[in-house]
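Written below as structure tokens is the structure these notes are about.
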Amino acid sequence: MAERVDELNAVLADLVGVLESMSDTPGLLEAVCGEAVRVVPDADLASILVVRDGVTQTAAFTDERARRIDDVQYAAGDGPGLLAALTGEVVRVAVAETGDQWPEFVAAAKDLGVGSYLAVPLRVDDTLVGAITLFGFETHGYHEFDTKVLRLFTLCVETVLRLTRRYREARRLADELRNAMETRAVIEQAKGMLMLIHRVTEDAAMHRLIVESQHTNIKLRDVAARFTKRMSSADGGTARH
């Protein structure tokens with residue numbers, strides 16, 4: 001047991017490092033799938049199915065066979081992975097014992113040599129809800145300890161993904177604020193030049209920029225930037241002469 005705990009700690013540490021080094025959600029989920037197979041020794045394949053706008057799809061998988069079994073569940077509208085994703089319940093089954101409940105899933109799993117299945121809900125935010133699913137070739141049906149390990153692993157994944165999304169949102173807002181400040185600075189500079197050159201009010205100068213933007217179908221910021229650049233070039237040419 002101690003060796004399993006040490007191994008789990010090592011995998012979780014690796015997972016955090018991998019997730020922190022990636023910037024895109026698809027890449028993160030692919031990494032999660034790979035680490036999920038490592039964290040549970042009885043796991044042979046893994047996939048992550050997600051629900052977006054009422055549509056369920058496989059966002060990442062370690063093997064094409066996992067995706068094919070997921071697709072069978074989607075087509076049937078039922079299966080252990082769907083149950084975990086939609087209800088938030090952990091589902092752990094031996095495939096041979098669930099034929100009456102999910103016949104399509106069982107047929108596909110047996111055809112591809114899968115004997116055990118474990119699905120743990122994944123809840124990141126309103127836009128990422130689903131389940132991490134494991135497939136085993138043996139018929140053990142997974143064990144309670146496997147469930148606890150995968151739940152702990154999933155909790156770590158959820159935490160890192162939430163933090164990653166918050167960081168991206170903060171960075172996006174910071175970029176928008178910087179762009180807004182730069183835009184305002186350029187427009188203010190152009191307004192000042194117009195007021196000085198044409199001896200008009202601030203409102204009149206702004207009106208000139210807006211009219212030019214509308215007539216040329218060019219963004220106001222770009223109109224202002226072009227004007228200030230042209231005036232600066234003209235001043236430089238005058239200075240040289």
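Please read all numbers here as calculations on a predicted model, not as lab measurements.
Enclosure of atom CZ in Arg123 by more than 12 non-hydrogen atoms of other residues, nucleotides or ligands within 6.0 angstrom is indicated. For Glu138, the CD atom is loosely surrounded, since the number of other residues' heavy atoms within 6.0 Å does not exceed 12. When the shell of 6.0 Å around NE2 of His207 is examined, it contains 12 or fewer heavy atoms from other residues, nucleotides or ligands. Crowding of Arg178 atom CZ: a count of heavy atoms from other residues, nucleotides or ligands under 6.0 Å exceeding 12. For CD of Glu182, the number of neighbouring non-hydrogen atoms (other residues, nucleotides, ligands) closer than 6.0 Å is greater than 12.
Checking each of Leu118, Leu112, Asp70 against Phe135 for a side-chain contact (heavy atoms from CB on, under 4.5 Å) leaves exactly one that passes, namely Asp70.
A side-chain donor-acceptor contact under 3.5 Å links Ser47 and Thr133. Thr58 and Tyr74 share a donor-acceptor pair across their side chains, judged by distance under 3.5 Å alone. Side-chain atoms of Arg92 and Thr147 form a donor-acceptor pair, as typed in the model, at a separation below 3.5 Å.
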Run the numbers on Asp222 and Arg226 for salt bridge (Lys or Arg N to Asp or Glu O under 4.0 Å), then give the verdict. CA-CA 6 Å; Asp222 294 336; Arg226 287 170 53 176; over 6 Å; no
Verdict with supporting geometry, Tyr117 and Phe105, ring-ring contact (aromatic ring centres under 6.0 Å, His included): CA-CA 11 Å; Tyr117 188 87; Phe105 161 79; 5.0 Å; yes
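His140 and Tyr142 have perpendicular rings, their planes meeting at more than 60° on a 0 to 90° scale where under 30° would count as parallel.
Residues Thr62 and Glu30 have side chains not in contact (no heavy-atom distance under 4.5 Å, counting atoms from C-beta outward).
The nearest pair of heavy atoms linking Val129 to Ala85 is CG1-O, 3.9 Å.
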